[in-house]
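Each remark here refers to the structure printed beneath this line.
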Amino acid sequence: MHRRMIAPGALAAASVLLAIPASAASYSPGTPGIGDPYYPYYGNGGYDVSHYDLRLRYQPKTDELQGTATILAKTTQDLSRFDLDFLLDVSEVRVNGAKASFTTSGEHELVVTPKTPLAKGTPITVVVRYSGVPSAKSAYGFTSWHRTPDGGVAANEPEAAWWWFPSNDHPTDKATYDVSVAVPDGTQALSNGTLQSTASKLGWTRYNWRQNKPQATYLATLALGKFDIATGTSDGGVPVVNAYSKDLGDTDGAARASVERTGEIVDWLSGYFGPYPFSTAGGYVPNTTTGYALETQTRVYYSPRQFANGSNTSVVVHELAHQWYGDYVSLKGWKDIWINEGFARYAQWLWSEHEGEGTAQELADYVYASHPADDAFWTVKPGDPGPDEQFASAVYDRGALAIQELRNEIGDDAFFAVLKGWPKEHAYGNASVADFQKYAEQVSGKPLSALFDTWLFQPEKPAAPSVRALVKTGTAVAQPKSWKKIEATNEVHGH
């Protein structure tokens, strides 16, 4: 909370304010956070972004990034100044063509004061010129920019944008993107969406990417390096672009054997979730040392560690399921993470069933039986886990268990109608756990508040339902064949 104190010496200034017309006095700064209780300073108040145009130049030898970001937005209040989330060094800011003053504040705030105040509902064009070495920047003690032997990668959750473009960094402010990147010949630039064109001049090649559907800032990705790029089209007609660092070593074969099944898996998921919502699909495996994967929209980020023990289609299923649950429909607040992770994990359970390696019910029984009542696993509330437990295994496993309970409660017909109808209901928008409960009740015709409260919000192990005869009698529950592959993604999703 920011409180303004008026000292005696400020009374003269206050008297001057009395002479300002009421219309001018109504202008106020946009808040330095969008209001998410998990991350109070993520995102910003006072405006809504519709499009980012990013024109960049990157030198892999030094990790230097130069850029001009053009941000199209509209004010949501009478605005005297506003913040952008950003870390690199800014040389100039313009608002609607006029130079604006700017400064930095806190860990990652770029504070912009336009030449003249902006009335509510005003379309604005913000141009930010900047440069810097992303790998040299950190906030809150960490970096989301991954330096690689031949370049760099921006991919992390819940934040990644600050290291490469100024933004309103919260999932509720989704926008479209044009990302144009110049790199030395022989280096490639990957981003979201479709590759519109490439052009080479004087030893540099420019790659122009376009994301024409609304996208959350943390789902925007940039990968710079030397890649083998594979393209194709799924049976369902979805163009696929996959890329692999040329120095993946022993993991190269396993990575390709997994990620090259993207088109097949997208078509399979479409049977459960509805038509694929974007113009292209794919993934990339850079030579990074991270342990997680990330559902970066249309171009999934995979760490080589996902494939250290061999091929892993389960993690590919998980990240592609997010294209519907997390990307197409994004969370309203970070407390709603269950809608992303619970359903992506449940997709892995459905894939296990598809592969004949254990049904969703068998996996649910195993998860339930594997955690005794005094296990801390049950103290995590998937419906509102808190920022410290946002990516705890319970959000995934207990979250999927809650989905199986919903299936048992409302029956397969209603359940699969919910599974497919939900993304369409909130297409390209945002929704909360409460919104999902309401939708499930609407489709099934059943009250579900007790079920949701028990499985998502109570910090204790729920009583075993009657359908779990083995669990209730204490008989050992066999480990499904798919479990080790699924369990491995608990580690790789520790963002």
Side-chain angles (χ1 to χ4, degrees), residues 35-40 157-158 170-172 321-322 325-326 329-349 360-361 363-411 414-415 418-419 422-423 425-426 430-468 471-472 490 493-495:
D36 193 305
Y38 280 20
Y39 305 100
E157 182 182 10
H170 192 270
T172 51
H322 275 310
Y325 281 80
V329 182
S330 301
L331 39 70
K332 276 186 178 176
W334 282 108
K335 69 182 180 63
D336 299 307
I337 191 67
W338 170 73
I339 293 178
N340 293 19
E341 302 303 349
F343 285 88
R345 174 53 48 86
Y346 195 76
Q348 292 176 271
W349 290 13
Q361 185 62 62
L363 284 157
D365 288 345
Y366 184 76
V367 167
Y368 185 88
S370 296
H371 298 279
D374 60 354
D375 192 328
F377 175 89
W378 299 108
T379 65
V380 176
K381 301 177 290 183
D384 188 1
D388 292 338
E389 301 290 351
Q390 188 176 350
F391 300 109
S393 63
V395 174
Y396 297 75
D397 293 333
R398 184 180 175 180
L401 185 55
I403 295 167
Q404 182 64 23
E405 291 306 314
L406 174 65
R407 180 178 177 179
N408 292 337
E409 176 67 21
I410 67 178
F415 175 76
V418 168
L419 212 59
W422 169 256
E425 178 77 4
H426 294 278
N430 300 77
S432 66
V433 174
D435 293 328
F436 184 85
Q437 177 187 323
K438 182 179 178 181
Y439 181 74
E441 289 176 334
Q442 174 188 323
V443 172
S444 67
K446 290 190 172 186
L448 298 170
S449 59
L451 184 148
F452 274 75
D453 183 61
T454 297
W455 291 93
L456 292 182
F457 293 101
Q458 291 303 314
E460 60 188 11
K461 186 173 185 176
S466 58
V467 295
R468 292 205 175 91
V471 175
K472 292 195 74 174
N490 284 343
H493 284 81
H495 294 70

To the nearest 0.5 Å, atom CD of Q437 lies from atom CZ of F452 at 5.5 Å

- [ ] Please say whether more than 12 non-hydrogen atoms of neighbouring residues, nucleotides or ligands are located less than 6.0 Å from NZ in K438.
- [x] no

Closest heavy-atom pair, A376 versus T379, reported as atoms and distance to 0.1 Å, is O-OG1, 2.6 Å

Tightest non-hydrogen contact, residues A402 and L456, listed as CB-CD2, 3.6 Å

In terms of heavy-atom contacts, E441 and L448 come closest through OE2-N, 2.9 Å

Given side chains that start at C-beta, do those of K381 and Q458 come closer than 4.5 Å, heavy atoms only? no

For P423, does its backbone N or O pair with a side-chain atom of Y325 as donor and acceptor, under 3.5 Å? no

Rounded to the nearest 0.5 Å, the CD atom of E460 sits from the CG atom of D374 at a distance of 13.0 Å

Between the CG atom in D435 and the CD1 atom in I339, the distance rounded to the nearest 0.5 Å is 7.0 Å

Closest heavy-atom pair, Q404 versus A364, reported as atoms and distance to 0.1 Å, is CG-CB, 3.7 Å

- prompt: Any side-chain heavy atom of F377 sitting closer than 4.5 Å to one from V367?
  reply: yes

| N/O donor-acceptor pair under 3.5 Å between R398 side chain and P382 backbone | no

Considering only NZ, NE, NH1 and NH2 on the basic side and carboxylate oxygens on the acidic side, decide whether K461 and D375 come within less than 4.0 Å.
-> no

Value for CZ (F436) from CD1 (I403), rounded to nearest 0.5 Å, stands at 7.0 Å

CG of L451 to CG of L406, rounded to nearest 0.5 Å, is 6.0 Å

Of all heavy-atom pairs linking V395 and Q390, the shortest is CG2-O, 3.6 Å

Heavy-atom closest pair (A400 atom, R345 atom, distance to 0.1 Å) is CB-CG, 3.6 Å

**Report entry** Sub-4.5 Å side-chain heavy-atom contact between R407 and Y346
**Finding:** yes

Measuring only between side-chain heavy atoms, which start at C-beta, is V380 closer than 4.5 Å to P459? no

| request: Examine distances only and state if a side-chain atom of D336 and a backbone atom of G333 form a donor-acceptor pair shorter than 3.5 Å. | output: yes

Output for pair (D397 CG, S370 OG), nearest 0.5 Å, gives 9.0 Å

Just by modelled atom types, is the P462 backbone N or O under 3.5 Å from a matching donor or acceptor in the Y368 side chain? yes

- Query: Taking Y38 for the side chain and G386 for the main chain, is one N or O donor matched with an acceptor at less than 3.5 Å?
  - Reply: yes

When W422, F415, W338 are each screened for ring-ring contact (aromatic ring centres under 6.0 Å, His included) with F343, the one that passes is W338

Given the options K332, K335, H170, D36 meets side-chain hydrogen bond (donor to acceptor under 3.5 Å, both in side chains) only with H170

Point to revise | Under 3.5 Å donor-acceptor, D453 side chain and A450 backbone | key: no

Any side-chain to backbone donor/acceptor pair from N430 onto P171? Under 3.5 Å, distance only. yes

